[in-house]
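In this chain, numbering begins with 1 at the start of the sequence shown. Please read these numbers as outputs of a predicted model, since none were measured by experiment.
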Amino acid sequence: MQVAVLTFDGFNELDSFIAAALINRCRADGLEAFITTPTPVVTSMNGVEVTGQRPMEFVTEANVVLVGSGVRAREVAADDRLVARLRLDPSRQLVGAQCSGALVLARLGLLGSMPVCTDRRTRPFVEAPGFTVLDTPFHSEGNIATAGGCLASQYLAAWVMTRTLGEDAARGVLDYVAPVGENEEYVDRALRAVRTAPAPAGR
């Protein structure tokens with residue numbers, strides 16, 4: 001099972017790297033994440049240059065697509081040619097968005113009437129077309145999920161691991177990366193956030 005972590009110019013390092021790093025602890029179980037970019041190299045909001053592991057077209061074959069956020073998310077969502085390359089299908093893919101990545105899902109028409117989680121700066125732009133923004137870090141309905149706040153990327157990763165491999169796999173990864181002495185609290189909080197998601201579908 002393959003995960004495309006969509007990463008655009010101006011990306012937030014926390015969003016792309018945390019989700020990818022957590023998911024990639026499940027490689028031995030057959031789940032692997034790839035930084036997926038529209039150009040061979042993208043530059044983060046803090047000037048970090050990253051070479052993409054997969055091209056944008058990888059999203060059509062990935063089992064999971066996570067749309068990262070960044071300071072240029074509004075430009076990305078408004079770019080007709082770029083959006084046309086994002087052929088996502090929630091009927092067969094898990095699709096998640098981190099913070100301003102929700103703008104991309106909205107542009108693709110994937111959010112329907114579901115409420116959205118996003119960061120405080122992006123909130124007015126998500127609310128402008130009529131979406132309800134929740135004061136929670138994570139929300140999912142069916143195969144669509146959104147997360148709000150940079151460190152909520154751990155919840156997106158936990159959702160992906162739970163939906164594809166089961167809660168025990170997610171628990172093992174979260175327990176490993178938890179701050180020492182806070183393991184139980186950290187793991188329980190993350191899993192509570194994603195338990196509203198349906199049980200894993202057949203794969």
With hydrophobic residues grouped by side-chain heavy-atom distances under 4.5 Å, do [X] and [Y] end up in a single group?
| X | Y | value |
| --- | --- | --- |
| I23 | F17 | yes |
| L14 | V177 | yes |
| L105 | L86 | yes |
| V104 | V71 | no |
| V160 | V59 | no |

Open item on the list: Taking CD in E61 as the centre, count heavy atoms belonging to other residues, nucleotides or ligands within less than 6.0 Å. Is the count above 12?
Closed with: yes
Open item on the list: I'd like to know whether CZ of R81 has more than 12 heavy-atom contacts from other residues, nucleotides or ligands below 6.0 angstrom.
Closed with: no
Open item on the list: Is the positively charged end of R74 above the ring of F125, judged by distance under 6.0 angstrom from the centroid and angle within 45° of the axis?
Closed with: yes
Measuring only between side-chain heavy atoms, which start at C-beta, is [X] closer than 4.5 Å to [Y]?
| X | Y | answer |
| --- | --- | --- |
| M114 | F131 | no |
| V41 | V50 | no |
| M45 | F11 | no |
| N24 | V3 | no |
| T51 | P40 | no |
| M1 | E32 | no |
| R121 | S100 | no |
| T122 | S69 | no |

From [X] atom [atom1] to [Y] atom [atom2], the distance as rounded to the nearest 0.5 Å:
| X | Y | atom1 | atom2 | answer |
| --- | --- | --- | --- | --- |
| R123 | L134 | CZ | CG | 8.0 Å |
| F8 | L82 | CZ | CG | 5.5 Å |
| L88 | L94 | CG | CG | 12.0 Å |
| L165 | D168 | CG | CG | 10.5 Å |
| T43 | R72 | OG1 | CZ | 9.5 Å |
| L156 | L22 | CG | CG | 10.5 Å |

Identify the heavy atoms of [X] and [Y] that sit nearest to each other, and give their distance.
| X | Y | answer |
| --- | --- | --- |
| A190 | Y155 | CA-CE2, 3.4 Å |
| D89 | S91 | OD1-OG, 2.5 Å |
| T118 | C99 | OG1-O, 2.9 Å |
| P90 | L110 | CG-CD2, 3.8 Å |
| W159 | G142 | CZ2-O, 4.1 Å |
| C117 | T146 | N-OG1, 2.9 Å |

Exam field: side chain [X] to backbone [Y], donor-acceptor pair closer than 3.5 Å:
| X | Y | result |
| --- | --- | --- |
| T7 | V5 | yes |
| D29 | L31 | no |
| Q53 | I35 | yes |
| D119 | G148 | no |

Open item on the list: Hydrogens and angles aside, do R92 and N143 bring a side-chain donor and acceptor to less than 3.5 Å of each other?
Closed with: no
Open item on the list: Can you confirm whether the side chains of Q98 and S153 place a donor and an acceptor under 3.5 Å from each other?
Closed with: no
TODO: Could you walk me through whether E167 and R195 pass the side chain to side chain contact (heavy atoms under 4.5 Å, CB included) test, one step at a time?
DONE: CA-CA 9 Å; E167 188 173 294; R195 276 187 184 127; 3.0 Å; yes
TODO: Please lay out, stage by stage, how D79 and R85 fare under the test salt bridge (charged side-chain N to carboxylate O under 4.0 Å, His left out).
DONE: CA-CA 10 Å; D79 188 326; R85 298 168 63 188; over 6 Å; no
- [ ] Using a strict cut-off of less than 4.0 Å between a Lys/Arg side-chain nitrogen and an Asp/Glu carboxylate oxygen, indicate whether R87 and E57 qualify as a salt bridge.
- [x] no
Open item on the list: Salt bridge check, R107 against D80: does any charged N sit closer than 4.0 Å to a carboxylate O?
Closed with: yes
Task: Intermediate values then yes/no, side chain to side chain contact (heavy atoms under 4.5 Å, CB included), V64 and Q93 - done: CA-CA 5 Å; V64 181; Q93 295 174 306; over 6 Å; no
TODO: Verify side chain to side chain contact (heavy atoms under 4.5 Å, CB included) between N63 and T164, making sure each step is shown before the conclusion.
DONE: CA-CA 9 Å; N63 305 95; T164 56; over 6 Å; no
- [ ] Check step by step if side chain to side chain contact (heavy atoms under 4.5 Å, CB included) holds for L174 and L191.
- [x] CA-CA 9 Å; L174 293 168; L191 292 179; 4.1 Å; yes
Open item on the list: Taking ring-ring contact (aromatic ring centres under 6.0 Å, His included) as the definition, give me every residue that meets it alongside F34, ordered by chain and number, with sequence neighbours left out.
Closed with: F58
- [ ] Let me know which of D9, V42, L6 forms a side-chain contact (heavy atoms from CB on, under 4.5 Å) with T37.
- [x] V42
- [ ] List the steps, then state whether salt bridge (charged side-chain N to carboxylate O under 4.0 Å, His left out) holds for D188 with R171.
- [x] CA-CA 8 Å; D188 287 347; R171 182 178 292 278; 3.6 Å; yes
